[in-house]
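Just below is one structure, and these are the notes that go with it.
Numbering starts at 1 and runs along the sequence shown.
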Amino acid sequence: MDKRDIQEFTRMSSKVIMYLGSCLCEEVKYKLLSEPKKASHSHCNMCQKQHGAAFATYASLPKSDVVYLSGSSSLTEYNSSANIKQKFCKVCCSSIEWGGSENYPDWVSVAIATLDTPYKPKKVIDIRTETKVCWLNHS
């Protein structure tokens with residue numbers, strides 16, 4: 001995105017745009033209107049399967065602060081458990097967000113790797129380490 005795009009997106013919102021993101025094919029584009037409050041590496045089996053990796057890294061923020069700029073019709077959902085919905089691009093299959101936690105119904109977690117603007121969390125915690133893969137730090 002060029003400077004004009006960012007200025008236009010800023011005018012579209014009364015809040016300051018903190019971050020821009022997109023999927024691999026750039027069909028889905030979104031902005032975050034606030035600084036994420038928590039970042040984590042999830043080692044749960046669902047995240048491993050969803051991302052095809054040892055863990056998934058997400059940042060959490062209020063769901064009202066995630067605004068889809070384009071490609072929302074290309075988003076699809078998968079209920080990975082009773083309440084949890086994973087959103088991903090149905091064109092390139094990039095994981096974008098998950099939400100639906102009973103404890104935090106108004107929050108979502110966005111896959112940090114889909115951010116196009118730099119995001120450096122103050123701290124990233126490891127969660128669900130009981131299912132951490134044995135080969136992660138193997139030398």
Side-chain angles (χ1 to χ4, degrees):
M1 299 198 151
D2 64 22
K3 190 174 181 178
R4 280 192 330 226
D5 289 334
I6 293 171
Q7 290 171 341
E8 176 63 22
F9 295 143
T10 302
R11 282 195 302 274
M12 291 169 51
S13 172
S14 60
K15 295 183 179 184
V16 175
I17 295 172
M18 300 297 292
Y19 302 99
L20 297 171
S22 62
C23 63
L24 177 62
C25 69
E26 296 187 345
E27 177 74 20
V28 177
K29 294 183 180 180
Y30 66 91
K31 64 182 174 180
L32 304 182
L33 300 178
S34 66
E35 183 78 18
K37 307 298 184 241
K38 176 184 165 187
S40 60
H41 299 303
S42 176
H43 296 270
C44 77
N45 293 126
M46 284 188 286
C47 286
Q48 291 166 351
K49 297 268 186 187
Q50 175 73 19
H51 288 264
F55 57 86
T57 305
Y58 286 100
S60 301
L61 68 162
K63 75 168 116 178
S64 61
D65 286 354
V66 178
V67 176
Y68 286 94
L69 304 170
S70 65
S72 60
S73 63
S74 292
L75 279 175
T76 192
E77 294 182 352
Y78 174 73
N79 283 76
S80 57
S81 62
N83 298 318
I84 303 301
K85 290 184 180 182
Q86 307 272 347
K87 285 187 180 180
F88 58 96
C89 175
K90 63 184 173 186
V91 177
C92 67
C93 299
S94 292
S95 297
I96 304 292
E97 71 169 70
W98 73 269
S101 167
E102 288 182 10
N103 294 333
Y104 301 98
D106 297 326
W107 287 69
V108 294
S109 295
V110 175
I112 292 175
T114 63
L115 291 172
D116 297 322
T117 50
Y119 169 64
K120 185 172 181 177
K122 294 177 183 130
K123 181 179 179 182
V124 182
I125 61 170
D126 286 281
I127 61 172
R128 308 286 194 237
T129 55
E130 65 278 1
T131 51
K132 184 177 178 179
V133 295
C134 62
W135 46 264
L136 182 58
N137 294 318
H138 186 70
S139 42

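- For His51 and Phe88, the ring centers are positioned 6.0 Å apart or more.
- In this structure the side chain of Leu115 never reaches within 4.5 angstrom of the side chain of Leu20, judged on heavy atoms.
- One finds the OG atom of Ser81 at 8.0 Å from the CD atom of Gln86 (value rounded to the nearest 0.5 Å).
- Between Glu35 and Tyr19, some side-chain heavy-atom pair lies under the 4.5 Å cut-off.
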Verdict with reasoning, Cys47 to Trp98, per side-chain contact (heavy atoms from CB on, under 4.5 Å): CA-CA 10 Å; Cys47 286; Trp98 73 269; 5.5 Å; no
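- Heavy atoms only, all atoms of each residue included: Gln50 and Ser95 are closest at NE2-OG, 2.8 Å.
- At least one side-chain heavy atom of Val28 sits under 4.5 Å from a side-chain heavy atom of Ser74.
- Partners of Thr114 according to the side-chain contact (heavy atoms from CB on, under 4.5 Å) rule, which considers only residues two or more places apart in sequence or in another chain, are Tyr30, Ile96, Val110, Ala111.
- Distance NE2/His41 to OG1/Thr129: 12.5 Å, rounded to 0.5 Å.
- Taking all atoms of both residues into account, the shortest heavy-atom contact from Cys89 to Leu75 is N-CD2, 4.3 Å.
- Taking 4.5 Å as the limit, some side-chain heavy atom of Thr57 sits within range of a side-chain heavy atom of Ile112.
- Here the CD-NZ distance, from Glu77 to Lys85, works out to 4.5 Å after rounding to the nearest 0.5 Å.
- The shortest side-chain heavy-atom distance between Glu97 and Tyr68 falls under the 4.5 Å cut-off.
- In terms of heavy-atom proximity, Pro62 sits nearest to Trp107 at N-CE3, 3.5 Å.
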Could you go through Ile125 and Lys38, starting from their C-alpha distance and side-chain angles, then the distance that decides it, and tell me whether this counts as side-chain contact (heavy atoms from CB on, under 4.5 Å)? CA-CA 8 Å; Ile125 61 170; Lys38 176 184 165 187; 3.5 Å; yes
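- By the 4.5 Å heavy-atom criterion applied to side chains, Met18 and Thr117 are not counted as neighbours.
- Separating the OG atom in Ser42 from the CD atom in Gln48 is a distance of 8.0 Å, to the nearest 0.5 Å.
- Summarising the local packing, NZ of Lys37 is surrounded by more than 12 heavy atoms from other residues, nucleotides or ligands at distances under 6.0 Å.
- Considering only heavy atoms from C-beta on, Leu33 comes within 4.5 Å of Val67 through its side chain.
- In terms of heavy atoms, Ile84 sits closest to Ser101 at CD1-N, 3.8 Å.
- At a threshold of 4.5 Å between side-chain heavy atoms, the hydrophobic network of Ile, Leu, Val, Met, Phe, Trp and Tyr places Leu32 and Val124 in two separate groups.
- Shown here for Asp116 and Ser22, the closest heavy-atom pair between the two residues is OD2-OG, 2.8 Å.
- One distance of note links SG of Cys93 with CG of Leu24; it measures 9.5 Å at 0.5 Å rounding.
- Atom CG of Asp106 is separated from atom OG of Ser64 by 8.0 Å, given to the nearest 0.5 angstrom.
- Each of Glu27, Glu26, Lys31 was checked for a side chain to side chain contact (heavy atoms under 4.5 Å, CB included) with Lys29, and the lone residue meeting it is Glu26.
- Contact record, Tyr119 with Pro36: OH-CB, 3.6 Å, taken as the closest heavy-atom pair.
- No side-chain heavy atom of Ile127 sits less than 4.5 Å from a side-chain heavy atom of Phe55.
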Step-by-step side-chain contact (heavy atoms from CB on, under 4.5 Å) determination, Asp126 to His43: CA-CA 7 Å; Asp126 286 281; His43 296 270; 2.7 Å; yes
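- Heavy-atom contacts from other residues, nucleotides or ligands closer than 6.0 Å to CD of Glu102 number 12 or fewer.
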